[in-house]
2 protein chains.
Amino acid sequence: MAVTMNDVARAAGVSLKTVSNVLNNYEFIRPATRQKVLDAIAELGYEANLTARSLRSGKSRMLGLVVSDLSVPYYAELASKLMSAAAARDYRVLVEQSAATRANELAALQGSLSQLTDGLLFIPLVLDADAVAAARRGTKPLVMLGEHIDDPRFDQVTMKNVGAARAVTAHLLAGGRRRIAVIGASPGDRVGSSGLRLAGYREALAEEGIDFDPALTVPAEWRRDGGASAVARLLEGGQPFDAVFGLNDALALGAMHELLLRGIRVPGDAAVAGFDDIDEARFSSPSLTTVAPGMNEIAERSVQLLIDRIEGTEKAAGGVHAEAEFELRIRASAP
Amino acid sequence: MAVTMNDVARAAGVSLKTVSNVLNNYEFIRPATRQKVLDAIAELGYEANLTARSLRSGKSRMLGLVVSDLSVPYYAELASKLMSAAAARDYRVLVEQSAATRANELAALQGSLSQLTDGLLFIPLVLDADAVAAARRGTKPLVMLGEHIDDPRFDQVTMKNVGAARAVTAHLLAGGRRRIAVIGASPGDRVGSSGLRLAGYREALAEEGIDFDPALTVPAEWRRDGGASAVARLLEGGQPFDAVFGLNDALALGAMHELLLRGIRVPGDAAVAGFDDIDEARFSSPSLTTVAPGMNEIAERSVQLLIDRIEGTEKAAGGVHAEAEFELRIRASAP
DNA sequence: CCTGCATTCTGCAACGATGTAGCAGAGAGG
DNA sequence: CCTCTCTGCTACATCGTTGCAGAATGCAGG
């Protein structure tokens, strides 16, 4: 039914392989022959069968993206940018949702997703480095995103969590705030986004000679309702504070919602700052001070790195680590 | 390198074709033979090569999803649900962003996306029905989502735009509001989401015997900043109003932001209602009254319909149209 | 004992592309 | 004049699976 290379070859009066050579930009073809083939292709409306090409060549020009849940705005935005970056290089992205499940993350690394793609962009949430390394021995390229795993064995593109959190905290301190509550971490966190951002917060405090008060560090699910209930617990615990640093924007927005509900003025009584600079941060009332982690750069560099690995351009033996630049966005919630 | 069916056949002491038959649940195989094959598969860790299967069988068990931009929360959520619904039926979804461009929408309908997939879920934004019909003649199944196109030729799953908008408006009217501004439509809109929702608004007004005032209908881009600037224009135009109906939640949230900025109390001075029930609607301050358009049902039914077409279960000659049920969510912005 | 049918399994061709080998002719070098 | 390399093309095998045709067996019916 569909036009095949054979039909084109017959129409152009050349062999099947010559058509293939034209399509693959083989060097030694006479211009006249090339033109005959191109004319036949145009006339018949031929389009290469990607499945057949993929079977024969072992390449699909598809990248896999493993993410917990696309309905989380941060991941959706990142996925969108990754897809655009890939499209610009003539690659497609096949997304798989892991629901932050061990079984699903493992399945994505080993199963049919990696079979269908030339390499994987992976945002791990439950697997640790050893589990990933074990699952992935001798297979296709893998680039890690996010902060859950930080291991020299893997290629990785991250944001500057520590530096950006330090900058946000320093900004709150510069505004005269002295008791800054942190929402979304436990005082003992050392790894992952929460540990890194908490470390940045502590560095900024230390620079100002302020002691770290564990009572101001409130664990919470990184969602809006987590931020709201963390603030509620903080207030009910009677801890005084003059600023809230949500470790992501959803937490900060939820926290701000709860503060306003209880008649606490923002930024008058308490400043609020977040992390991520999602679109909503500009439109909350008051608009949210936050830090943009350089998502465009993360998307660009991770796609570039993965494709370089696939095409053999990047040959570094160990893992390549890249960090995107951040930018502080000062808005009304913490001027 | 990878284990093939041939290796399994050799290990099990049967023919290649018998292995294939086992995998495809062919009826006439002795239990003992089936077991030998399954054992060999388990022992060797064989996994079927999907590319080869796809080339040979012409089926990929992938659905294409054409959407303008995944970073729009509504689309991201819908995509997430579509992917889950597909996964439950052992299908995968390959997403393509059209950026609401005519060329990209056409390319998605005709190009390699449809070649790689067994059918398409399409949320058109610029193509009209005739253009889609022309682009799609004699190819794979296509299910339309959204309201941009409403045509009996196509399979389509939609929300009850008119009914839901009427319900929201009726709720505002029941709360004593009489001058309800509508944001996101032009008074003359008849088609698409804006036209349908505007029609529902007018129906509710008519039921209460209230005249439609075109001055209260303000066009705007369906984004937060669109809602904000529409409210600004409304206020600067001096039109009195006691409620704002944003034709989606982003518009309503942007509008509410602008109202609060200008010291107008919500819901005291003006009630605000939206449409979509995105996650943020629960967490804005005040929380947003809106209508949930039944996105789960839309995702389930559209995936089911598409797969039924692909597998030949659904044989209706014309287009099948389905509408999901909506649910009014009454919150603080318009109690 | 033969025929017919259901059951169980096998072998070959084919899906549509690319890789490898090789052939013929032109020009270069000895 | 004979080899050797480069150019431009063709033929054939191959990627890993499934569709089709058919072989071999057992069993029932006449």
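Numbers restart at 1 for each chain; the letters A, B, ... are given by sequence-line order, proteins then strands.
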Checklist entry - Do you see a donor-acceptor pair shorter than 3.5 Å between the side chains of A:Glu47 and B:Ser112? => result no
Checklist entry - What's the NZ-P distance between A:Lys17 and D:dA11, to the nearest Å? => result 13 Å
Checklist outcome for this item: Separation of D:dT18 atom C1' from B:Tyr26 atom OH, nearest Å, is 13 Å
Checklist outcome for this item: From CG of A:Asn6 across to C1' of C:dT18 the rounded distance in Å is 14 Å
Checklist entry - Below 4.0 angstrom from OP1 or OP2 of D:dG16, is there any side-chain N or O of B:Arg53? => result no
Next on the checklist: Looking at B:Thr18, I'd like to know whether one of its side-chain N or O atoms comes within less than 4.0 Å of OP1 or OP2 on C:dT10.
Outcome noted: yes
Checklist outcome for this item: The nucleotide from C:dT8, C:dG16, C:dG11 with an atom nearest the side chain of A:Ala52 is C:dG16
Checklist entry - How many Å lie between OH on A:Tyr46 and P on C:dG16, as a whole number? => result 10 Å
Next on the checklist: I want to confirm an ordering. Mapping B:Ser15 and B:Ser57 to their closest nucleotides on DNA chain C, which one lands closer to the 5' end?
Outcome noted: B:Ser15
Checklist entry - Taking atom P of D:dG16 as reference, at what distance in whole Å does atom NZ of B:Lys59 sit? => result 24 Å
Next on the checklist: Looking at A:Arg56 and C:dT18, is any side-chain donor or acceptor paired with a base atom of the opposite kind under 3.5 Å?
Outcome noted: yes
Next on the checklist: Regarding A:Lys81 and A:Glu300, does a basic nitrogen lie under 4.0 Å from an acidic carboxylate oxygen?
Outcome noted: no
Checklist outcome for this item: Taken to the nearest whole Å, CG/B:Asn24 to P/D:dG19 is 7 Å
Checklist entry - For B:Leu55, which contact category applies under a 4.0 Å heavy-atom criterion: base, sugar-phosphate, or nothing? => result base
Checklist entry - Any ion pair linking B:Asp155 and B:Arg309 (charged N to carboxylate O, less than 4.0 Å)? => result yes
Next on the checklist: Heavy atoms from C-beta onward define the side chain here; which of D:dG8, D:dT14, D:dC20 lies closest to that of A:Thr33?
Outcome noted: D:dG8
Checklist entry - Is B:Lys59 salt-bridged to B:Glu311, going by a charged N under 4.0 Å from an acidic O? => result no
Next on the checklist: With a 4.0 Å cut-off on N to O distance, would you call B:Arg10 and B:Asp7 a salt bridge?
Outcome noted: yes
Item to check | A:Val14, nearest nucleotide to its side chain (from C:dA17, C:dC9, D:dT10) | outcome: D:dT10
Checklist entry - Base, sugar-phosphate, or nothing: which does A:Thr4 touch, judged by heavy atoms less than 4.0 Å apart? => result sugar-phosphate
Checklist entry - Between A:Leu16 (CG) and D:dC12 (C1'), how many Å, whole number? => result 11 Å
Item to check | Spacing between B:Asn21 atom CG and C:dC9 atom P, to the nearest angstrom | outcome: 9 Å
